[in-house]
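This report concerns only the one structure given below.
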Amino acid sequence: MDNIVKIRILGTEFKVYTEEGEEHAKRIAAAVDAKTREIMGEDQYAPSTRVALIAAMDFCESEIKYHRIATKLKKRLEKVFYFFQIFFT
């Protein structure tokens, strides 16, 4: 499902390539648009590159945090399945 999709962030239209489809790309664009507007609301005169960098860092921080949580959960599930195998086989 490879597509070139038009998205809009801060009023500027971009064409992006996506393997996930148009709706997925538009959801991501909406999240980026909302985050950049939130940041710009704090400083209306901030350069767009600064706003983009802060938004990117925020998204990366969230991704790293959720990856760490997912890794911990995976390890716990592996232990549960291991004990399940021992007791029920």
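Along the sequence shown, residues carry numbers from 1.
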Distance-only criterion, 3.5 Å: show the donor-acceptor pairs between side-chain atoms of residues 68-78 and protein atoms not counting sequence neighbours.
residue : atom : partner : partner atom : Å
T71     : OG1  : H67     : O            : 2.9

Please list, one pair per line, the donor and acceptor atoms closer than 3.5 Å that link side chains of residues 50-65 to other protein atoms, with sequence neighbours excluded.
residue : atom : partner : partner atom : Å
D58     : OD2  : K35     : NZ           : 3.2
S62     : OG   : D58     : O            : 3.3

Compile the donor-acceptor pairs under 3.5 Å between side chains in residues 4-12 and protein atoms, sequence neighbours left out, one pair per line.
residue : atom : partner : partner atom : Å
R8      : NH1  : G11     : O            : 2.7
R8      : NH2  : E13     : OE1          : 3.4

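Under the rule for a ring-ring contact (aromatic ring centres under 6.0 Å, His included), the partners of F88 that lie at least two apart in sequence or sit in another chain are F84. By the salt bridge (charged side-chain N to carboxylate O under 4.0 Å, His left out) test, R37 is found to be paired with D33, residues two or more places apart in sequence or in another chain being considered.
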